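What you see is a predicted model, and the numbers here were worked out from it, not measured in a lab. Here, residue 1 is the first one in the sequence, and each next residue gets the next number.
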Amino acid sequence: MGSLSLSFTDPQPQEMNISSQKLDKTHLLNLFKCQQNYLNHFFHNLDISQTLAFTEALLKAQGTIFFSGVGKSGFVAQKISQTLVSLGIKSGFLSPVDALHGDIGILSAEDLLVLFSKSGNSEELLKLAPCARAKGVYLVSVTSVAPNGLTRMCDLNVHLPLERELCPFDLAPVTSTAIQMVFGDTVAIALMGARNLSKEEYASNHPAGRIGKCLIFKVKDVMKKKDELPVCREQDLIMDLLVELTSKGCGCLLVINDDYHLLGTFTDGDLRRTLKASGEGIFKLTVGEMCNRNPRTIGPEAMAVEAMQKMESPPSPVQFLPVINDENVVIGIVTLHGLVSAGL
């Protein structure tokens with residue numbers, strides 16, 4: 001299934017030069033097709049009962065779920081552990097070498113240790129397993145070669161079917177690590193569903209990322225307020241407000257009355273249109289005569305991403321939204337630039 005028919009030779013050192021290195025489109029396409037076939041072999045032959053038992057073991061773990069591995073499998077183990085942590089599951093990576101020099105002290109009888117290894121015969125893991133068992137830890141092996149040494153030491157064993165590596169010599173761990181990653185991340189998503197993790201809970205674990213910001217940040221968290229607001233009265237002359245219009249960086253003026261109720265907005269676009277239509281007459285015009293009396297607004301408790309959607313909605317996009325409370329009192333302004341700067 002998808003075997004590589006291409007031959008490779010080991011060039012002499014003097015032959016390794018840029019001019020001799022070539023990429024062939026057909027060869028590249030063949031590699032991707034082969035990898036697809038090898039991954040399909042994994043999907044078609046994975047023992048779902050083993051996978052279910054593994055997922056249930058992780059779901060029922062009372063302590064911390066530790067992952068361990070050597071080399072590339074170790075990198076995969078770290079990544080899967082980090083995925084579980086991002087879902088709010090207590091997890092960590094335990095280096096098998098460091099574990100044998102003191103770090104094994106972090107393990108307790110309530111913990112679960114998952115050992116990732118293609119061969120299941122890595123010397124470091126074979127030394128770690130009995131030491132972890134002596135501490136009462138529940139051991140799980142995830143391997144692709146059978147039989148192997150780890151399966152005889154663990155409480156639960158999962159076999160990840162591997163036809164062969166994509167590497168032409170069947171040596172470089174590229175397909176084996178790919179199926180390890182697919183397996184681990186898919187199980188993580190299964191745990192996500194089993195634990196009924198909400199968007200809000202997930203976002204709380206990603207406060208600095210765009211996902212978290214979209215689900216956590218409210219308008220009140222990103223709006224300008226108080227002295228940052230470009231406010232004016234409707235009786236003010238337009239030409240007297242040019243500094244206020246430009247200095248606050250909002251591209252607009254918020255027209256208010258003495259009680260800070262919003263009466264309308266006046267933008268730099270309104271200024272250009274008024275100047276074009278009125279010419280020198282603009283010197284006598286007040287803001288109230290030319291402002292938009294029905295601007296889009298938003299409340300402080302609305303989600304910030306909702307503000308962005310409202311700015312971009314028909315009939316035409318806008319660059320800002322006045323933020324008002326239930327009594328139509330201006331308490332802030334949110335700008336598109338501010339939302340983008342916040343990472344939304």
Side-chain angles (χ1 to χ4, degrees), residues 42 46-162 173 175-192 194-195 205:
F42 161 73
L46 179 65
D47 189 329
I48 195 62
S49 62
Q50 286 184 352
T51 304
L52 179 60
F54 174 73
T55 308
E56 289 179 337
L58 268 57
L59 183 63
K60 296 176 182 177
Q62 296 299 307
T64 301
I65 302 170
F66 286 97
F67 291 82
S68 189
V70 180
K72 304 301 186 295
S73 294
F75 290 125
V76 174
Q78 290 185 59
K79 194 276 178 187
I80 296 171
S81 173
Q82 291 167 350
T83 298
L84 293 187
V85 170
S86 75
L87 302 179
I89 299 172
K90 290 189 295 182
S91 182
F93 175 75
L94 181 64
S95 164
V97 175
D98 293 339
L100 297 175
H101 291 273
D103 283 5
I104 198 172
I106 198 173
L107 296 178
S108 70
E110 293 184 340
D111 297 333
L112 186 150
L113 178 59
V114 183
L115 305 170
F116 270 85
S117 173
K118 172 186 173 181
S119 68
N121 292 312
S122 299
E123 181 180 354
E124 297 87 345
L125 296 180
L126 292 176
K127 290 180 178 179
L128 173 60
C131 299
R133 176 174 289 283
K135 295 177 72 67
V137 177
Y138 188 85
L139 296 178
V140 182
S141 75
V142 181
T143 61
S144 290
V145 176
N148 64 68
L150 278 181
T151 57
R152 295 190 295 270
M153 300 181 178
C154 293
D155 301 292
L156 175 64
N157 300 292
V158 179
H159 177 73
L160 303 185
L162 174 66
T175 305
S176 58
T177 50
I179 64 177
Q180 287 175 347
M181 191 75 77
V182 168
F183 173 80
D185 280 344
T186 304
V187 167
I189 298 304
L191 292 174
M192 188 178 185
R195 292 164 59 93
N205 296 328

Atom pair [atom1]/[atom2] of [X] and [Y] - distance to nearest 0.5 Å:
| X | Y | atom1 | atom2 | result |
| --- | --- | --- | --- | --- |
| E56 | L191 | CD | CG | 10.5 Å |
| L160 | T177 | CG | OG1 | 11.5 Å |
| T151 | H159 | OG1 | NE2 | 11.0 Å |
| T64 | E110 | OG1 | CD | 9.0 Å |
| L112 | F66 | CG | CZ | 10.5 Å |
| S176 | M181 | OG | CE | 11.0 Å |

**Prompt:** Salt bridge between K135 and D111, side-chain N to carboxylate O under 4.0 Å?
**Reply:** no
**Message:** Strictly distance-based, threshold 3.5 Å: is any side-chain N or O of E123 a donor or acceptor partner for the main-chain N or O of N121?
**Reply:** no
Shortest non-hydrogen contact between [X] and [Y], atoms and distance:
| X | Y | value |
| --- | --- | --- |
| S119 | S122 | OG-N, 3.9 Å |
| L125 | F116 | CD1-O, 3.6 Å |
| G63 | K90 | O-CE, 3.9 Å |
| L58 | V114 | CD1-CG2, 4.4 Å |
| I65 | I89 | CD1-CG2, 3.9 Å |
| A57 | L156 | CB-CD2, 4.4 Å |

**Complete:** side-chain contact (heavy atoms from CB on, under 4.5 Å) with L128: of V97, L139, V70, L115, only one passes, and it is L115
**Fill in**
Exactly one of L46, I179, D47 clears side-chain contact (heavy atoms from CB on, under 4.5 Å) with P161, and that residue is L46
Any [X] side-chain heavy atom under 4.5 Å of [Y] side chain:
| X | Y | result |
| --- | --- | --- |
| F75 | Q78 | yes |
| T143 | N157 | no |
| L126 | L150 | yes |
| T186 | V182 | yes |
| K127 | P96 | no |
| C131 | L100 | yes |
| D185 | I189 | no |

**Request:** Could you go through the side-chain contact (heavy atoms from CB on, under 4.5 Å) check for S95 and D103 one step at a time?
**Result:** CA-CA 8 Å; S95 164; D103 283 5; 5.6 Å; no
**Pair T51-F183, side-chain contact (heavy atoms from CB on, under 4.5 Å): steps then yes or no** = CA-CA 9 Å; T51 304; F183 173 80; 3.7 Å; yes
**Request:** Would you sort out whether S91 and S81 count as a side-chain hydrogen bond (donor to acceptor under 3.5 Å, both in side chains), showing the intermediate values?
**Result:** CA-CA 6 Å; S91 182; S81 173; 2.9 Å; yes
**Request:** Determine, step by step, whether L162 and K118 satisfy the side-chain contact (heavy atoms from CB on, under 4.5 Å) criterion, reporting the C-alpha distance in whole Å, the side-chain angles of both residues, the deciding distance to 0.1 Å, and the verdict.
**Result:** CA-CA 9 Å; L162 174 66; K118 172 186 173 181; 3.6 Å; yes
**Request:** Kindly determine whether F42 and T175 satisfy side-chain contact (heavy atoms from CB on, under 4.5 Å), including the steps that lead there.
**Result:** CA-CA 10 Å; F42 161 73; T175 305; over 6 Å; no
